S.K.: 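Handing you a structure now.
Just so we're clear, the structure is a prediction, and the values are computed from it rather than from any experiment.
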Amino acid sequence: MIVVGGTGLASTMSVAVLERQREIGVLRAIGAPGRTISGMVQLEGLIMALLGWLLSLLSLPLSVPISVVLARGFASVMFPVPASLMPESAGALRWLALVTVVSLIACAWPARQAMRLSVVRALQYE
């Protein structure tokens, strides 16, 4: 799931950079350093990833009945599986750390492309 999410975020940010080439060109023309533009792309990707994590956290109570049903299904077909009725808070924090790292990695290439965009090329883009 995390690989698919990271790939989706990377492609979304690549499209966002392509669509905003003119804006990036204007920022570069008025003196914005590449590091600032790269940071903007990284921050946007991180916010998207954190909103996705927050949405998943809000749906965490739904995991309890689903876990019980799946545990009973596996127990009837194969072998008994212990079902935990309380999700671990440490697990949610581990996912937060993983989502943050994957977001930064996934947005690195689009941020680099935005940072390396020349002013003339960006302003000529239609």
S.K.: Got a salt bridge between Arg28 and Glu23, using NZ or NE/NH1/NH2 to carboxylate O under 4.0 Å?
M.R.: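 No.
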S.K.: Which ILVMFWY residues are connected to Met1, directly or by a chain of links, through side-chain heavy atoms under 4.5 Å apart?
M.R.: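 So far as hydrophobic clustering goes, Met1 is joined with none.
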S.K.: For a side-chain contact (heavy atoms from CB on, under 4.5 Å) check, start with the C-alpha distance between Leu9 and Met13, then their side-chain angles and the critical distance, and finish with the verdict.
M.R.: CA-CA 6 Å; Leu9 182 61; Met13 294 311 300; 4.1 Å; yes
S.K.: Determine the minimum heavy-atom distance between Val119 and Ala29, stating which atoms define it.
M.R.: CG1-CB, 3.9 Å
S.K.: Give a yes or no answer on whether the side chain of Ser14 reaches the backbone of Ala10 with a donor-acceptor pair at less than 3.5 Å.
M.R.: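 Here the side-chain-to-backbone pair exists.
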S.K.: Side chain to side chain contact (heavy atoms under 4.5 Å, CB included) with Ile2: which of Val101, Thr7, Leu98?
M.R.: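 Answer after filtering Val101, Thr7, Leu98: Leu98.
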S.K.: Please check if Leu46 and Ile105 belong to a single hydrophobic cluster, counting links between Ile, Leu, Val, Met, Phe, Trp and Tyr side chain heavy atoms closer than 4.5 Å.
M.R.: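 Each belongs to a different hydrophobic cluster.
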S.K.: Any chance you could measure Arg116, atom CZ, to Ser38, atom OG, to the nearest 0.5 Å?
M.R.: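 Answer for the CZ-OG pair, Arg116 versus Ser38, is 12.0 Å.
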S.K.: Please test Leu50 against Leu96 for side-chain contact (heavy atoms from CB on, under 4.5 Å), starting from the C-alpha separation and ending with a verdict.
M.R.: CA-CA 8 Å; Leu50 291 178; Leu96 174 62; 3.5 Å; yes
S.K.: Give the cluster check for Leu104 versus Met48: same hydrophobic cluster or not, with ILVMFWY residues linked at side-chain heavy-atom distances below 4.5 Å.
M.R.: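 In one cluster with Leu104: Met48, no.
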S.K.: Determine whether Ile37 and Leu117 fall in the same hydrophobic cluster, where Ile, Leu, Val, Met, Phe, Trp and Tyr are linked whenever their side-chain heavy atoms lie under 4.5 Å apart.
M.R.: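 The answer is yes; both residues are in one hydrophobic cluster.
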S.K.: Cut-off 3.5 Å, no hydrogens considered: what does the side-chain donor-acceptor table look like for residues 52-62, sequence neighbours left out?
M.R.:
unit_1 : atom_1 : unit_2 : atom_2 : d
Trp53  : NE1    : Ala92  : O      : 3.1
Ser56  : OG     : Trp53  : O      : 2.6
Ser59  : OG     : Ser56  : O      : 3.0

S.K.: Mind running side-chain contact (heavy atoms from CB on, under 4.5 Å) on Leu27 and Met40 for me, showing each step along the way?
M.R.: CA-CA 11 Å; Leu27 286 172; Met40 288 172 42; 3.7 Å; yes
S.K.: Listed by chain and number, what are the side chain to side chain contact (heavy atoms under 4.5 Å, CB included) partners of Arg35, not counting sequence neighbours?
M.R.: none
S.K.: I need the minimum non-hydrogen distance between Ala16 and Glu44, along with the two atoms involved.
M.R.: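 Residues Ala16 and Glu44, closest heavy atoms: CB-OE2, 4.5 Å.
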S.K.: Do any N or O atoms from the side chain of Thr12 and from the backbone of Gly8 form a donor-acceptor pair under 3.5 angstrom?
M.R.: yes
S.K.: Where do Leu123 and Gly25 come nearest, in terms of heavy atoms and distance?
M.R.: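 Smallest interatomic distance, heavy atoms only, reads CD2-C, 3.8 Å.
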S.K.: Does one hydrophobic cluster hold both Val41 and Leu43, with members joined at side-chain heavy-atom distances below 4.5 Å?
M.R.: no
S.K.: Backbone N or O of Val99 within a donor-acceptor pair of the Ser103 side chain at under 3.5 Å?
M.R.: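 It does not hold such a pair.
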